[in-house]
Amino acid sequence: MTLPFNPNQELASIIARFATGDGEHRTPIEGLNLYRQSAATVWQHGAYRPCFAIVVQGRKTLTVGADIYHYGVGEYILTALDLPVSTQVTNVGSETPYLCFGMALDSERLKELLSRVSIPREAVAAEPVRGLAVNPASPELLDASLRLLRLLDRPEDIPAMAPLIEQEILYRLLTGPNGPRLLQVAMAESQSNRVARAIAWIRGNFAQPLRIEELAERAGMSVSSLHHHFKAVTAMTPIQYQKQLRLHEARRLMIVEQLDVGSAGHRVGYQSPSQFSREYSRLYGLSPLRDVEGMRSPVAAE
């Protein structure tokens with residue numbers, strides 16, 4: 001395989017041409033988004049959906065639960081599950097902005113691919129692993145990613161070629177160091193798949209009271225097994241996961257929809273304003289009112 005002399009440089013050039021301003025930019029390729037940030041940021045709080053993303057310029061720091069990840073040029077992040085995260089862009093400037101692209105992971109395409117390729121059973125880790133990881137991108141993964149982004153200059157080729165290249169990227173991810181993460185979530189009877197079902201329920205009902213016994217039953221697990229495997233995959237307990245979803249959404253409601261503090265807390269499920277304020281301050285470092293007064297702009301969520 002012949003790669004360009006510097007694939008990251010060509011990737012950066014393409015992203016810079018199509019993402020001319022800071023923020024997230026959707027593309028004509030479904031599920032493919034481009035990101036640009038020309039200055040270092042304060043911590044931003046949001047959610048990562050299942051996706052694969054490569055940084056081609058700049059650096060970023062991400063936290064999920066108590067875990068901290070640093071990643072930069074030529075490294076990719078794989079998120080196999082929905083996870084609440086905090087991120088900060090570092091080491092950038094107006095002349096060398098942070099540039100990144102992300103491709104959403106489609107579970108149906110993943111299952112369809114798994115039905116046609118043979119992945120050794122031993123590739124699946126015996127115990128659940130984190131639903132998020134950072135690794136250097138292989139030459140094959142960079143090559144496929146570059147060919148996908150080149151389609152932005154040939155929109156007439158997108159309907160025929162994009163699905164084929166996306167399938168190749170999925171295959172490279174499955175057979176790479178993070179394959180076990182995708183396999184565990186895709187396999188119907190794996191513990192990670194059961195955790196994914198629990199996560200889906202919490203995301204859809206985060207404002208409701210969380211009863212662990214009922215959640216475990218929905219996931220087809222015992223309470224102790226749910227706690228163990230949920231924390232192994234997400235770096236959080238189910239209660240901590242729900243709390244972050246609630247607080248991230250409350251912050252979005254106050255900043256974007258300009259709800260007052262009491263209304264936002266109640267909307268996401270808090271019955272006690274003092275508890276809401278206390279937990280908000282613990283996560284964001286400021287009271288809801290002080291935080292929102294200084295952040296009247298959309299909360300970033302990739």
Side-chain angles (χ1 to χ4, degrees), residues 19 21-26 31 33-51 53 60-66 79 81-89 98 100 102 104 131-132 196 198-212 214-215 218 230 234-302:
D22 285 356
E24 177 181 347
H25 300 261
R26 295 188 177 183
N33 294 324
L34 311 178
Y35 304 91
R36 182 189 187 115
Q37 181 62 47
S38 55
T41 65
V42 296
W43 284 103
Q44 298 178 323
H45 309 274
Y48 275 9
R49 296 298 179 91
C51 71
K60 198 169 195 177
T61 300
L62 176 150
T63 67
V64 53
T79 311
L81 297 159
D82 293 351
L83 293 171
V85 300
S86 299
T87 62
Q88 183 178 40
V89 171
Y98 170 82
C100 172
L132 183 149
I199 285 174
W201 190 89
I202 297 174
R203 285 195 66 87
N205 302 274
F206 63 83
Q208 303 300 317
L210 181 58
R211 297 178 175 85
I212 298 300
E214 293 180 8
L215 183 65
R218 290 177 183 276
F230 197 101
T234 69
M236 289 171 272
T237 66
I239 295 292
Q240 290 170 334
Y241 186 98
Q242 181 204 44
K243 186 184 299 183
Q244 288 211 19
L245 289 182
R246 283 181 166 186
L247 294 173
H248 287 347
E249 175 61 9
R251 191 170 193 253
R252 188 195 68 81
L253 289 171
M254 290 185 291
I255 293 172
V256 179
E257 300 187 20
Q258 301 195 358
L259 265 64
D260 61 78
V261 173
S263 298
H266 188 266
R267 176 85 68 86
V268 301
Y270 281 93
Q271 302 304 313
S272 166
S274 61
Q275 182 187 4
F276 171 60
S277 181
R278 185 169 58 252
E279 294 185 353
Y280 190 102
S281 300
R282 189 177 299 131
L283 179 63
Y284 296 114
L286 292 170
S287 69
L289 190 58
R290 288 185 60 195
D291 181 42
V292 170
E293 285 176 347
M295 290 289 292
R296 286 290 183 184
S297 58
V299 177
E302 293 180 17

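It should be emphasised that the depicted structure is a prediction, and the values quoted were computed from it without experimental measurement. Numbering starts at 1 and runs along the sequence shown.
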**Prompt:** Can T234 and Q240 be said to form a side chain to side chain contact (heavy atoms under 4.5 Å, CB included), step by step?
**Reply:** CA-CA 10 Å; T234 69; Q240 290 170 334; over 6 Å; no

**Request:** Return the orientation label for the Y284 and H45 ring planes: parallel under 30°, perpendicular over 60°, tilted otherwise.
**Result:** perpendicular

**Item:** Interatomic distance, E249 atom CD to M254 atom CE [nearest 0.5 angstrom]
**Value:** 10.0 Å

**Item:** CZ-CD distance between F206 and Q242, expressed to the nearest 0.5 angstrom
**Value:** 9.0 Å

**Prompt:** Do the side chains of L132 and L62 get nearer than 4.5 Å, heavy atoms only?
**Reply:** yes

**Fill in**
Taken in chain and number order and not counting sequence neighbours, the residues that satisfy side chain to side chain donor-acceptor pair (under 3.5 Å) with T63 are none

Contacts under 3.5 angstrom, residues 261-268 side chains, donor-acceptor by atom type, not counting sequence neighbours:
| from | atom 1 | to | atom 2 | distance (Å) |
| --- | --- | --- | --- | --- |
| S263 | OG | D260 | OD1 | 3.2 |
| S263 | OG | D260 | OD2 | 2.9 |

**Asked** Got a second to check how far L81's CG is from I199's CD1, nearest 0.5 Å?
**Response** 4.5 Å

**Message:** Can you tell me how the ring of F230 sits relative to the ring of Y241, calling it parallel under 30°, perpendicular over 60° and tilted otherwise?
**Reply:** perpendicular

**Prompt:** Looking only at heavy atoms, what is the nearest atom pair of A47 and R203, with distance?
**Reply:** CB-NH1, 4.0 Å

**Message:** Is there a side-chain contact between Y35 and K60 in this structure, where contact means two heavy atoms from C-beta onward sitting under 4.5 Å apart?
**Reply:** no

**Request:** Supply the atom-to-atom distance N205 CG to L215 CG, rounded to the nearest 0.5 angstrom.
**Result:** 10.0 Å

**Fill in**
All heavy atoms of P288 vs all of S281, minimum pair found to be CD-OG, 4.2 Å

**Ion pair R290/E293, N-O distance below 4.0 Å** = no

**Request:** Report yes if the side chains of V89 and Q44 come closer than 4.5 Å at any heavy-atom pair, otherwise no.
**Result:** no

**Closest non-hydrogen atom pair between D82 and R49, with its separation** = OD1-CD, 3.1 Å

**Asked** Is the side chain of N33 donor-acceptor paired with the backbone N or O of G102 at a distance under 3.5 Å, no angle test?
**Response** no

**Prompt:** Does some side-chain heavy atom of L210 sit less than 4.5 Å from a side-chain heavy atom of W201?
**Reply:** yes

**Least distance between heavy atoms, Q208 atom then R246 atom** = O-NH2, 3.2 Å

**Message:** So does D22 get a backbone contact from the side chain of Q37, meaning a donor-acceptor N/O pair under 3.5 Å?
**Reply:** no

**Message:** Less than 4.5 Å apart, side chain to side chain, heavy atoms only: is that true for Y270 and K243?
**Reply:** yes

**Request:** Applying side chain to side chain donor-acceptor pair (under 3.5 Å), name anything that partners T41, two or more places apart in sequence or on another chain.
**Result:** none

**Request:** Tell me, with the steps shown, if Y280 and L286 meet side chain to side chain contact (heavy atoms under 4.5 Å, CB included).
**Result:** CA-CA 7 Å; Y280 190 102; L286 292 170; 5.8 Å; no

**Item:** Smallest separation among heavy atoms of M236 and V64, with atom names
**Value:** CE-CG2, 3.8 Å

**Request:** Identify the two heavy atoms, one from G46 and one from H248, that lie closest to each other, and give their separation to 0.1 Å.
**Result:** O-CD2, 3.2 Å

